[in-house]
Undergrad: 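I am attaching a structure below and will ask some questions about it afterwards.
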Amino acid sequence: MKNTIFYLLISLGLLLGCKEKLETTSELIKKSTYLDYSNSDDQFTGGIKMIPITTPKGTFNVWTKRVGNNPKMKVLLLHGGPGGTHEFFECFDGYLPNEEIEYIYYDQLDSYYSDKPNDSTLWTTEHFVEEVEQVRKALNLNKDNFYLLGQSWGGILAMEYALKYQDNLKGLIISNMMASIPEYEKYAAEVLGPQLPPEVYKEIKEMEANNDFSNPKYTELVMQHYYTKHILRLPLNEWPESINRAFNHLNPNIYVYMQGHSEFGVTGNATLKGWDVSQKLKTIKVPTLIIGATNDTMDPKYMEWMSKEFQNGRFLLCANGSHCSQYDDQKTYFTGLIKFVKDVNDENF
């Protein structure tokens, strides 16, 4: 009988202990407001806001979507292209929420989810810088919470924004982009092109010389031999659905106007030809993370040099990654990105 009572008391103690732990866990869960949209003006749309942008050609709306709440850490994402979409960043859903870092998807003007005035006079870095500034104000981002992350063309835009408006920033992240188009072209011509099978590279260059970019063979060769080595290091049939969707939604008009047709440099009289801010980086004092990848279309050694030009720079190398290293070297990419955001927030940078 005594043994029975003893075991009953032990069982009761264990049950009460488990109940107490469950209540503590529930209390901790309740305390997090990261996914609480109940008092926000974008609850009705699930975090989506169409933000009006004033331009010399009228007012147009750009698409944004907020994920999470964090008054101290808000990351605005600038997609590549030009003319790409926020869909290149959709894998961020797998990492940032667990760290309770707020982030905002954003399609620039003339990109898929935003208005498309299709007016080339608006396709300038100056316009897009002012567009980002209007988005910042509309989302109440400021120097106490505003991290700006730009990838590829978005990296160009982020650098240009910081050169004009760095006092609005808490942190700057340049992902997979060099500060000089001429240096990018040199790297493509001297390093990446010659790594291709000689007969493939010869055929690609011949079609480029003949301006034969609409030839299906050109797309096939570039996709099979270049993209799978330097854009996303996976066989094409294994590319994530979000990446395929982003490419399907790319606006070719703005892309060709600013970048040109080729992946080996800026072609013709595309407006980004000759762009170079390498000598201005030293004027940027805001904490800055440069993310490069060993197999990137951008020179990783140059990007490491960039990190030393900024007054407060850090370099992250994705050793197994390429231009979309947020996908093909995810653990390195997000571990480094999250550490940077938190280090800056905790004043440990």
Side-chain angles (χ1 to χ4, degrees), residues 62-65 77-94 103 105-116 118 123 128 149-158 175-177 181 184 188 192-193 196 200 204 207-208 212-268 270-272 291 293 295-298 318 320-330 333:
V62 297
W63 182 96
T64 68
K65 178 179 171 65
L77 304 173
L78 304 181
H79 60 70
T85 74
H86 72 280
E87 293 156 319
F88 284 108
F89 292 122
E90 285 186 0
C91 60
F92 280 52
D93 290 352
Y103 54 107
Y105 294 124
Y106 157 39
D107 269 25
Q108 298 149 30
L109 193 63
D110 265 302
S111 289
Y112 190 78
Y113 292 86
S114 294
D115 284 355
K116 302 174 191 64
N118 197 34
W123 298 344
F128 285 110
L149 186 156
Q151 183 185 37
S152 194
W153 144 251
I156 290 178
L157 180 53
S175 178
N176 311 90
M177 189 64 223
I181 291 293
Y184 150 61
L192 298 185
L196 292 169
V200 170
I204 287 173
M207 283 188 277
E208 289 192 347
D212 194 14
F213 295 103
S214 60
N215 189 328
K217 184 66 173 176
Y218 179 82
T219 303
E220 178 189 336
L221 290 174
V222 170
M223 292 291 289
Q224 293 275 355
H225 296 278
Y226 190 72
Y227 273 43
T228 55
K229 297 282 194 301
H230 302 295
I231 299 295
L232 205 168
R233 289 173 64 78
L234 286 171
L236 291 172
N237 62 357
E238 294 179 21
W239 278 25
E241 186 271 342
S242 56
I243 289 286
N244 291 328
R245 187 163 18 97
F247 275 111
N248 286 336
H249 290 163
L250 182 75
N251 184 336
N253 295 330
I254 184 172
Y255 184 88
V256 171
Y257 184 84
M258 295 185 74
Q259 153 78 27
H261 293 277
S262 175
E263 289 298 333
F264 295 91
V266 176
T267 55
T271 58
L272 287 174
I291 303 175
N295 304 289
D296 204 338
T297 55
M298 305 292 159
C318 296
N320 298 312
S322 62
H323 200 53
C324 291
S325 49
Q326 73 270 32
Y327 281 94
D328 54 22
D329 198 352
Q330 276 194 349
Y333 188 98

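Side chains are part of it too, since the values below use all heavy atoms of this structure and drop only hydrogens, waters and symmetry mates.
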Undergrad: Should the ring pair Y257 and W123 be called parallel, tilted or perpendicular, given that the plane angle runs from 0 to 90° and is split at 30 and 60?
TA: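 Y257 and W123: perpendicular rings.
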
Undergrad: Any sub-3.5 Å donor-acceptor pair from H261's side-chain atoms to F213's backbone N or O?
TA: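 No, H261 side chain to F213 backbone: no donor-acceptor pair under 3.5 Å.
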
Undergrad: Which value, rounded to the nearest 0.5 Å, describes the distance between I291 atom CD1 and L149 atom CG?
TA: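 Reported value, rounded in 0.5 Å steps: 6.0 Å.
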
Undergrad: Closest heavy-atom contact between V62 and L109?
TA: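 Result for this residue pair: CG1-N, 3.8 Å.
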
Undergrad: Which residues pass the side-chain contact (heavy atoms from CB on, under 4.5 Å) test with K217, sequence neighbours left out?
TA: E203, M207, N215, E220, L221

Undergrad: Give me the atom names and distance for the closest heavy-atom approach of I243 to C324.
TA: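 Between these two residues, the closest heavy atoms are CD1-SG, 4.2 Å.
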
Undergrad: In terms of side-chain heavy atoms, does T297 have a donor or acceptor partner in H230 at a distance below 3.5 Å?
TA: no

Undergrad: If you apply the rule side chain to side chain contact (heavy atoms under 4.5 Å, CB included), what do you find for T271 with V266, and how did you get there?
TA: CA-CA 8 Å; T271 58; V266 176; over 6 Å; no

Undergrad: Where is the tightest heavy-atom contact between S242 and Y327, given as atom of each residue plus distance?
TA: OG-OH, 2.7 Å

Undergrad: What pair of heavy atoms forms the shortest contact from E263 to Y218, and how long is it?
TA: N-OH, 4.2 Å

Undergrad: Once you round to the nearest 0.5 Å, how far does CD1 of I204 lie from OG1 of T219?
TA: 10.0 Å

Undergrad: Relative to each other, are the rings of F92 and Y103 parallel, tilted or perpendicular (30° and 60° limits)?
TA: tilted

Undergrad: Can you list the residues that meet the side-chain contact (heavy atoms from CB on, under 4.5 Å) rule with S111, with sequence neighbours excluded?
TA: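 In terms of side-chain contact (heavy atoms from CB on, under 4.5 Å), with neighbours along the sequence ignored, S111 is linked to H79, D107, Q108.
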
Undergrad: Just verifying a value: how many Å separate L272 CG and T267 OG1, rounded to the nearest 0.5 Å?
TA: 10.5 Å

Undergrad: If you round to the nearest 0.5 Å, how far is CG of N251 from CG of D110?
TA: 5.5 Å

Undergrad: Write down the atom of T228, the atom of Q224, and the distance for their closest heavy-atom approach.
TA: OG1-O, 2.7 Å

Undergrad: Who pairs with A246 by side-chain contact (heavy atoms from CB on, under 4.5 Å), at least two apart in sequence or on another chain?
TA: T85, E87, F88

Undergrad: State the NE2-CG distance between H323 and D328, to the nearest 0.5 angstrom.
TA: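 Output value for this atom pair is 11.0 Å.
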
Undergrad: For C91, does its backbone N or O pair with a side-chain atom of Q330 as donor and acceptor, under 3.5 Å?
TA: no

Undergrad: Taking the side chain as every heavy atom from C-beta outward, state whether M223 and L236 have any pair of such atoms under 4.5 Å apart.
TA: yes

Undergrad: Mind checking the CG-CH2 spacing from L234 to W239? Nearest 0.5 Å is all I need.
TA: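 L234 atom CG to W239 atom CH2 measures 8.5 Å (nearest 0.5 Å).
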
Undergrad: Kindly assign one of parallel, tilted or perpendicular to the pair H86 and Y105, based on the angle between their ring planes and the thresholds 30° and 60°.
TA: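 Tilted.
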
Undergrad: Are any side-chain N or O atoms of K116 and backbone N or O atoms of S114, one a donor and one an acceptor, separated by less than 3.5 Å?
TA: yes

Undergrad: Could you label the plane-to-plane angle of the H249 and Y112 rings as parallel, tilted or perpendicular, counting under 30° as parallel and over 60° as perpendicular?
TA: parallel

Undergrad: By side-chain hydrogen bond (donor to acceptor under 3.5 Å, both in side chains), which residues pair with T64, not counting sequence neighbours?
TA: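 Not a single residue meets the side-chain hydrogen bond (donor to acceptor under 3.5 Å, both in side chains) criterion with T64.
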
Undergrad: Show, in sequence, the C-alpha distance, side-chain angles and deciding distance for W153 and M258, and conclude whether the side chain to side chain contact (heavy atoms under 4.5 Å, CB included) test is met.
TA: CA-CA 10 Å; W153 144 251; M258 295 185 74; 3.8 Å; yes

Undergrad: Applying side chain to side chain donor-acceptor pair (under 3.5 Å) between N176 and each of S152, S325, S322, report the one that passes.
TA: S325

Undergrad: Could you pull out the closest heavy-atom pair between Q259 and A270, with the gap in Å?
TA: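 For Q259 and A270, the tightest heavy-atom pair comes out as C-CB, 3.6 Å.
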
Undergrad: Salt bridge (charged side-chain N to carboxylate O under 4.0 Å, His left out): which pairs involve residues 228-243, sequence neighbours left out?
TA: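 Residue pairs with at least one partner in residues 228-243: E241-R245.
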
Undergrad: Taking the side chain as every heavy atom from C-beta outward, state whether Y255 and L250 have any pair of such atoms under 4.5 Å apart.
TA: yes

Undergrad: Quick one: are M298 and M177 in side-chain contact, heavy atoms under 4.5 Å?
TA: yes

Undergrad: My understanding is that only residues two or more places apart in sequence, or in another chain, count here; which of them pass ring-ring contact (aromatic ring centres under 6.0 Å, His included) with Y106?
TA: none

Undergrad: Does D329 offer a backbone N or O that forms a donor-acceptor pair with the side chain of N320 under 3.5 Å?
TA: no

